[in-house]
Protein chains: 2
Amino acid sequence: MRQRSTAGTERLRRSNTGAVLRALRRLGPSTRVELARDTGLAKATVGVIVADLEEAGAVIEEGSRPGVRGRPGRPVALRGGRFLTLGLELNVDYVSAVVLDLAGTIVASSSRPGSAGEDLRDLARTTLSEHVGADTRLVGATLAVPGLVRGDNATVAWAPNLHVAWPGVSDLLETLVPGRRIEVSNDANCAAYAESHHGAAVGVAHSLYLTGTVGIGAGIVQDGEVMRGGAGFAGEVGHMPVGDSTALCGCGRRGCWEASIGLHAMLAAVDMVELDTPLRTAEAVAVRARTHPGVRAGLERVGRDVGLGLAMLSNVLDPEVVVLGGYFAPLGDLVLEPARRTLDERLPSQMQVRPDLRPSTLGIEAAALGAAERSFGPVFTGELELSA
Amino acid sequence: MRQRSTAGTERLRRSNTGAVLRALRRLGPSTRVELARDTGLAKATVGVIVADLEEAGAVIEEGSRPGVRGRPGRPVALRGGRFLTLGLELNVDYVSAVVLDLAGTIVASSSRPGSAGEDLRDLARTTLSEHVGADTRLVGATLAVPGLVRGDNATVAWAPNLHVAWPGVSDLLETLVPGRRIEVSNDANCAAYAESHHGAAVGVAHSLYLTGTVGIGAGIVQDGEVMRGGAGFAGEVGHMPVGDSTALCGCGRRGCWEASIGLHAMLAAVDMVELDTPLRTAEAVAVRARTHPGVRAGLERVGRDVGLGLAMLSNVLDPEVVVLGGYFAPLGDLVLEPARRTLDERLPSQMQVRPDLRPSTLGIEAAALGAAERSFGPVFTGELELSA
DNA sequence: CTCATTAAGTACGAGACTCAAACTAATGTC
DNA sequence: GACATTAGTTTGAGTCTCGTACTTAATGAG
């Protein structure tokens with residue numbers, strides 16, 4: 001896992017190694033010839049790169065696939081279990097940790113209530129001690145937070161809902177993985193990244209992730225990359241003036257989208273009370289909706305306002321897929337159907353492909369999973385070299 | 001201007017050559033040592049690259065800058081006049097052409113009324129014959145159109161306002177520059193690119209361009225790159241539900257932003273009539289506003305609705321700078337001031353830096369200029385090699 | 001069973017590139 | 001005029017990719 005700064009011919013090798021790794025992630029187990037065709041490199045070059053990766057323990061040769069004429073190819077696959085990343089999430093009322101391996105397998109995934117730096121540190125320590133040992137290499141670690149992260153990917157400029165002294169957390173992180181810098185990233189951006197790599201938007205270049213809790217947040221993926229904006233504020237869509245223009249928002253203004261479709265607005269619409277977590281609350285609402293038409297009507301109203309805002313966002317961003325997470329996921333079509341109808345009404349009829357609205361399939365650990373995946377980013381771009 | 005497909009060590013050289021060219025564009029005339037410092041390459045490498053570029057005619061050595069201790073550096077600068085690109089625009093009622101050189105100097109820039117393929121071809125032919133000769137090399141050409149361009153950067157999926165048979169234009173282009181493919185691009189995206197390279201958003205990584213004519217369009221620049229969206233529809237913001245929800249839009253729906261701030265809505269607000277072009281119309285409105293409070297009040301209303309939509313866009317995209325073009329440019333602060341006030345009211349107070357609203361400084365040829373600049377893109381990334 | 005056929009993977013030499021260090025060149029300072 | 005200082009070039013070593021030729025491992029026809 002050396003990080004070299006030389007810009008010599010080794011940079012070319014690292015870049016090509018990244019291309020091979022990306023191809024393996026995309027294609028699954030592949031022979032050297034298949035990798036050569038996909039990457040455009042020469043057979044010989046791929047052979048050398050694969051040999052290096054094998055020695056480093058990053059790929060492993062599988063049994064040959066016979067059946068066709070000629071010498072059978074010997075597929076290589078990304079090797080799981082050896083190179084790991086840690087993804088953490090520190091949220092308002094819970095902390096999560098995910099350990100991911102190079103093959104894309106989720107090695108560990110856990111959450112627990114809590115909101116203090118100590119909770120996070122304990123969870124991370126436990127997770128690390130259980131899954132990271134002498135025969136594994138920790139490639140990187142990323143922490144997802146519900147706040148505005150500066151361009152340095154390390155410090156938080158603004159986190160209104162996080163009642164933790166930031167310098168404290170920052171120090172905790174240093175003690176957690178000594179000598180290794182932990183990147184910090186926005187939670188909605190991480191969740192969007194998770195959806196585009198492991199969730200409902202796999203293989204989609206342009207997607208949008210919308211999460212509903214007390215607040216509303218979005219993560220924008222354009223061409224496979226998370227969009228941050230000038231100050232890291234991109235995707236903070238909760239306070240767009242959308243929906244009921246008289247609804248009072250927590251921010252003091254009226255007419256924010258959040259005031260129409262945030263968790264509390266949804267609960268008011270169905271006349272129910274909040275349980276311990278947004279997900280559990282939404283599950284209870286979904287159950288009650290089966291028997292109570294009034295609840296369905298309330299969700300219909302919420303869904304229309306969701307669709308109204310998505311019409312805005314689709315006009316601006318033109319995503320192929322919109323993934324709805326947070327409390328929207330358990331409610332599924334109860335909210336998505338009216339949203340789709342509103343979207344159909346409001347989108348320009350000439351727009352070729354309406355974005356596909358899908359509920360999130362990842363659970364509460366979505367952001368932590370995305371954080372872990374992001375730590376693999378430098379490996380797949382070739383910035384970071386894997387070594388035994 | 002060979003385009004090589006080999007992925008050998010020459011790719012590394014091309015990439016490094018691109019880095020040197022970018023540095024020269026950004027820093028202006030620089031010595032080899034300065035370029036080495038900026039790019040991170042070794043002095044020797046920069047020396048070889050600069051020698052190659054000089055032989056190709058892409059850079060030229062300037063007089064030395066003495067005055068300090070030691071051997072004086074001999075700055076090299078991008079050489080204008082030799083490598084050129086052609087930018088074209090085919091719009092509803094005019095056609096434009098811009099010739100740009102490698103140094104970023106606008107060699108030629110002209111517009112004329114017209115909307116047919118023949119008008120475009122004639123203008124392009126004249127421009128080319130006047131400025132592209134035996135001692136110059138045409139690097140590329142790009143055509144900007146008010147419509148939806150497919151991912152192939154060559155064909156148009158949808159251009160409602162363009163009353164030209166598209167296959168016809170496509171054929172015309174082939175005859176124009178034989179053997180060279182002309183890229184096609186969206187006009188708002190081109191104008192946004194022009195503003196970020198030559199206009200009011202130079203040096204800004206995240207900017208937004210908003211143009212007002214009969215319709216409203218936006219171009220989004222994120223990290224210096226134009227954002228296209230899944231189907232090339234990103235930035236088609238005219239039909240977002242913003243502003244007067246009762247206003248009837250040309251699309252048949254009510255409440256589109258365009259119906260509140262499009263040229264016709266603005267004229268209705270100030271009770272004036274349309275002249276031959278949006279720019280000329282807006283100039284007349286600006287003159288009349290000096291003496292007529294009613295006109296100023298009308299523009300105030302339009303400006304507030306501009307600000308309302310920009311609040312949406314800023315929440316989603318977080319741009320550092322918003323450039324307002326089209327009819328907004330001549331009106332300047334008459335529209336921008338109320339827009340700024342509305343933006344201040346509607347943006348989350350925690351947002352660190354409010355986007356800076358600036359009128360466009362580029363005229364009617366903005367899109368054609370951006371189209372020309374885009375043709376230099378592959379040169380500065382190292383995809384396309386300049387050769388004598 | 002033998003051998004041609006087919007396709008995957010490897011060995012090797014040529015060519016291109018970057019880099020660090022040594023070297024040359026040009027200027028100001030004392 | 002010697003010397004310090006900085007710019008740029010030369011040189012030799014080390015890497016990398018590539019095309020070609022070769023080896024290896026399977027199938028199928030006779």
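Below, each value reflects all heavy atoms present in this structure, side chains not excepted, and no hydrogens, waters or symmetry copies. Labels below follow one simple rule: chain letters A, B, ... track the order of the sequence lines, proteins then strands, and each chain is numbered from 1.
- Distance CD (A:E61) to C1' (D:dA25): 13 Å, rounded to an integer number of Å.
- Contacts of A:H198 classified as ring-ring contact (aromatic ring centres under 6.0 Å, His included), with partners at least two apart in sequence or in another chain: none.
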Just the table, please: protein N/O against nucleotides 26-30 of chain D N/O, every pair under 3.5 Å.
from: D:dG28; atom 1: O4'; to: A:R69; atom 2: NH1; distance (Å): 3.3

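- Environment of CD in A:E55: sparse, with no more than 12 heavy atoms of neighbouring residues, nucleotides or ligands closer than 6.0 Å.
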What pairs of donor and acceptor atoms, side-chain ones from residues 20-30 of chain A against any protein atom, are under 3.5 angstrom apart with sequence neighbours left out?
from: A:R22; atom 1: NH1; to: A:F380; atom 2: O; distance (Å): 2.6
from: A:R25; atom 1: NH1; to: A:E373; atom 2: OE2; distance (Å): 2.9
from: A:R25; atom 1: NH2; to: A:E373; atom 2: OE1; distance (Å): 3.4
from: A:R26; atom 1: NH2; to: A:D38; atom 2: OD1; distance (Å): 2.9
from: A:R26; atom 1: NH2; to: A:D38; atom 2: OD2; distance (Å): 2.5
from: A:S30; atom 1: OG; to: A:G28; atom 2: O; distance (Å): 2.6

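- Between B:N16 and C:dT18, a side-chain N or O to OP1/OP2 separation shorter than 4.0 Å is present.
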Kindly indicate, with the supporting measurements, whether the criterion side chain to side chain donor-acceptor pair (under 3.5 Å) is fulfilled by A:H206 and A:E320. CA-CA 6 Å; A:H206 303 260; A:E320 297 160 76; 4.7 Å; no
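- C:dT18 atom P lies 9 Å from atom CZ of A:R11, rounded to whole Å.
- Atom-to-atom, NZ of B:K43 to P of C:dT24 comes out at 14 Å; the value is rounded to the nearest Å.
- Rounded to an integer number of Å, the gap from CG of B:D52 to C1' of C:dA16 is 12 Å.
- Taking atom CZ on B:R14 and atom P on C:dA16, their separation rounds to 14 Å, with Å as the unit.
- For the pair B:L12 CG and D:dT17 P, the interatomic distance rounds to 10 Å; values are reported in whole Å.
- Between B:D52 and B:R13 a salt bridge is recorded (basic side-chain N to carboxylate O distance below 4.0 Å).
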Side chain to side chain donor-acceptor pair (under 3.5 Å) between B:N153 and B:R374, intermediate numbers included: CA-CA 12 Å; B:N153 290 335; B:R374 284 182 71 113; 5.6 Å; no
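- Between the CG atom of A:L41 and the C1' atom of C:dT10 there is a distance of 16 Å, rounded to whole Å.
- Map A:A44 and B:T31 each onto its nearest nucleotide of DNA chain D; the residue landing nearer the 5' end is B:T31.
- Residue A:T9 places none of its side-chain N or O atoms closer than 4.0 Å to OP1 or OP2 of C:dC17.
- One finds no side-chain N or O of A:R74 lying less than 4.0 angstrom from the OP1 or OP2 phosphate oxygen of D:dT24.
- Look at CZ on B:R13: it is 17 Å from P on C:dG15, rounded to the nearest Å.
- From B:R228, atom CZ reaches atom CG of A:D223 across 9.0 Å, with rounding to the nearest 0.5 Å.
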